[in-house]
Amino acid sequence: MIRERRNKEKLASYYKKFMDEGIVDPNVHPWVAASWQRCRALNLPHETMPKINKMSKAEIVEHQKMHEFIVQYVDGLYEQTKQHFNIHNLSMLLIDENGYVIKNYALPFFQRVIEDIQGMRVLEEDVGTSSISIAREHNVPFLMFGPEMWIKDSHSGDACSAPICVNGKIRYIISFFSLDQNDLPYDLLLSLLLTMKYSIEQHLSMLERWTINQIMMEQLPVSVYWVGKQGDIKYCNENGRKRLDGKERLEDVFLNYEHVPVKKALQGVPTHRREITWITQDRTYEDITTVMPIKVGSEVESALVLSMSIEDLKTTIAHATGYSSRYSLYSMVGETNEFLALQHKATRVARTDHNILLQGEPGTGKQRLAHGIHQASSRAAAPLIVVKCSNAPIEDLKREFFGSDDGEQPIAGKLELSMGGTLFLDEVEKLPVEMGDILADALMKGDEKGTGKKYNVRVIAACDSNLKRLADKGLFSRKLYEVVLYTTMRIPPLRERVKDIEIIANHILAEMSAQHNLPPKRLAQDAVELLLNCSWPGNIKQLQGVIEQAFFHTPSSIIEAENIKLPGDRTMEKSWKYDKDAFIAAWKSAGGNISKLACMLDVSRVTLYRYLKKYGLGPKKQC
């Protein structure tokens, strides 16, 4: 708080009146008056400096070490201004947020009052009213004239203190004291104090931001270099240091330094997210690199290099977006010979690096099996990238598989993202022949841009149809078929593993309970029988939908047959009145049960008997 010069004789009379009679003159500053009254209530001595709290010598050393980062900065500020301290007989204290003196500078005032103030606590309850306590209490700079201080020995000088705040919280206090009685330039004193306050606060804010930036730089999987105009490294993070191998300059490490864009940036030309090769004596780094010129005014003084391994980048992106396997081979359950043979073969095949073709009807679990194979392979730590194939325009498909370099931000394709991992082509039979040929060439010979870059990718393809037959008819790429043909696995439909239906259903119930943190449920025997008698044209996926619906719509812990709603094949439901094959499929799905079939098709039993007669079927003549 900036205050006008006061008549010290009058201030001294106000002080004496309060000490002798306990009366506060109206001309006493209200903050000072309130402090005097608190000090009086505490019975603090006011003639001379009392014996106050002080740290031990060892504690003082530790205290200064703990605040070394700010002491060094204030030392520098003092060095630049100490001539003013000497001319005007000023002393200065640096005080921590708890009121302990960290360090004192230019001691004439304190040499008269106390021998050594470092390590002492100078709060109101210790030394009474002072500019320090007022500034700390009200969180503003405060100029205090000598006769306003509680300790009478201090009346020969004036004081001015300012809180040092970061994010609204007091971190330190700086305090000036002067022995000059008459000609002290208060404007100079306040100007110096406020300048130092601002400078220290900005320094602390910068340190806070720098600390956060350092943490980020150390945690990010990026090599960071701040390179000076002469090629000297001003800063690098841990990842960068690993590549430098103890050397001080990038040009001493990277053999192709002349061809990387650092010198370009030092000439003012930035490079944004480009694929750059960094070659050392021992290895080569394939990176996505950004190099930015750093200007001071209009002059480029340095460059900032951010470089990330393409392999690390793809893995980071893939995992951040959920491109990892969700299922293991043991998340698939069953005990039939058909299933156990499939599971054992998948375990063996997973250990190889061969491409795999999974063939089976919709809903048999091809995607879950692909996840399990990836997780059981040596590629498990790398991404599993899923592509839902379609007959979209070729340009759109090429962009999806190979990415795009258009614009400022190149887009990585699915092949790039799956490098080192697995590319799962779901419903691969839908891929146009032309796109299949392009993809096959890229997988066998290198990227389609002609750079010769090989894709370290394992392909797992899933097909609902007979892929060989489609390739023979020219409806699917023969090249791609040969790429994925190495190992073919047929996933049996659920109707061929009826004994597994109960096991799978109970496994789904257990997964639902764990996933939604709900009490477990089990199937009653009549519910099991109902499930066993269904042909499940939609296979495990259809069974899962039925079980999930029963799980959520059954209030008790036991699921009865009446709680289960068997689905019909919806595509067949629409044509059963006109198509005998569609009716037979629905009839099989209901297990030959008239009541269930009537419920499935939403018709009366009378209507069903008419169609049974029409198609030559009946309860005893199940197809």
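When a residue number appears, it is its place in the shown sequence, counting from 1. FYI, side chains are in, hydrogens and waters are out, and symmetry mates aren't considered; it's all heavy atoms of this structure.
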Kindly give the heavy-atom pair with the smallest separation between Phe551 and Lys521, and that separation in Å. O-NZ, 2.7 Å
Straight-line distance of Gln230 CD to Asp232 CG, nearest 0.5 Å: 7.0 Å
Grab the two heavy atoms, one from Leu220 and one from Asn237, that are nearest each other, plus how far apart they are. O-ND2, 4.5 Å
Restricting to non-hydrogen atoms, name the atom on Ala380 and the atom on Gln375 that form the minimum distance, rounded to 0.1 Å. CB-O, 3.3 Å
Nearest heavy-atom contact between Cys165 and Glu201 is N-OE2, 2.9 Å
For His46 and Arg40, indicate whether the former's side chain and the latter's backbone hold a donor-acceptor pair under 3.5 Å. no
Does the distance from a Lys or Arg side-chain N to an Asp or Glu carboxylate O, for Lys169 and Glu208, drop under 4.0 Å? no
If you define the side chain from C-beta out and look only at heavy atoms, does anything of His63 sit under 4.5 Å from Ile102? yes
Any donor-acceptor N/O pair, Ser205 side chain to Gln202 backbone, under 3.5 Å: no
Of all heavy-atom pairs between Ser513 and Pro519, which one has the smallest distance, and what is that distance? OG-C, 3.6 Å
Pair Lys103 + Asp75, salt bridge at N-O below 4.0 Å: yes
Any donor-acceptor pair under 3.5 Å from Ser131 side chain to Leu143 backbone: no
What I'd like to find out is whether the side chain of Lys247 reaches to under 4.5 Å of the side chain of Ile233, using heavy atoms alone. no
Any carboxylate oxygen within less than 4.0 angstrom of a Lys/Arg side-chain nitrogen, looking at Lys65 and Glu68? no
Using 4.0 Å as the upper bound for N to carboxylate O, is an ion pair formed by Arg38 and Glu137? yes
Contact between Lys54 and Ile60 at the side-chain level, heavy atoms closer than 4.5 Å - yes or no? yes
A side-chain contact here means heavy atoms from C-beta on lying under 4.5 Å apart; do Phe254 and Thr280 qualify? yes
Could you go step by step and tell me if Trp278 and Thr289 meet the side-chain hydrogen bond (donor to acceptor under 3.5 Å, both in side chains) rule? CA-CA 10 Å; Trp278 299 77; Thr289 301; 3.2 Å; yes
Out of Val32, Val24, Asn27, which residue meets the side chain to side chain contact (heavy atoms under 4.5 Å, CB included) rule with Tyr14? Asn27
Find out whether Lys152 and Met19 are in side-chain contact, i.e. whether some heavy atom of one side chain is under 4.5 Å from a heavy atom of the other. no
Give a yes or no answer on whether the side chain of Asn98 reaches the backbone of Arg121 with a donor-acceptor pair at less than 3.5 Å. no
Backbone N or O of Glu218 within a donor-acceptor pair of the Glu238 side chain at under 3.5 Å? no
Between Ser307 and Ile276, is any pair of side-chain heavy atoms under 4.5 Å apart? no
So Trp31 and Phe142, would you call those rings parallel, tilted or perpendicular, with 30° and 60° as cut-offs? tilted
Can you measure from CD1 (Ile173) to CG (Asn139) and round to the nearest 0.5 angstrom? 9.0 Å
Just verifying a value: how many Å separate Glu548 CD and His516 NE2, rounded to the nearest 0.5 Å? 6.5 Å
Quick one: are the ring centres of Phe424 and His374 less than 6.0 Å apart? no
Quick check for you: to the nearest 0.5 Å, what is the distance between Leu77 atom CG and Met196 atom CE? 4.5 Å
Test item: Leu189 and Leu90 side chains (from C-beta on) under 4.5 Å apart, heavy atoms: yes
Is there a donor-acceptor contact under 3.5 Å from the side chain of Lys264 to the main chain of Val269? no
Can you tell me how far the CD1 atom of Ile132 sits from the CD1 atom of Ile134, to the nearest 0.5 Å? 11.0 Å
Any donor-acceptor pair under 3.5 Å from Lys229 side chain to Val300 backbone: yes
Would the His67 and Tyr100 ring centres measure less than 6.0 Å apart? no
Does Trp150 offer a backbone N or O that forms a donor-acceptor pair with the side chain of Ser154 under 3.5 Å? no
Going from OG on Ser133 to NE2 on His138, what distance comes out if it is rounded to the nearest 0.5 angstrom? 8.5 Å
Without swapping roles, check the side chain of His553 against the backbone of Gln549 for a donor-acceptor pair under 3.5 Å. yes
I want to check something: taking the side chain as every heavy atom from C-beta on, are Leu123 and Arg136 in contact at a cut-off of under 4.5 Å? yes
Pair Phe69, Leu204 - check side-chain contact (heavy atoms from CB on, under 4.5 Å), show working. CA-CA 9 Å; Phe69 65 96; Leu204 289 174; 3.7 Å; yes
Indicate yes or no for a side-chain donor-acceptor contact from Ser199 to the backbone of Thr195 under 3.5 Å, with no hydrogens or angles considered. no
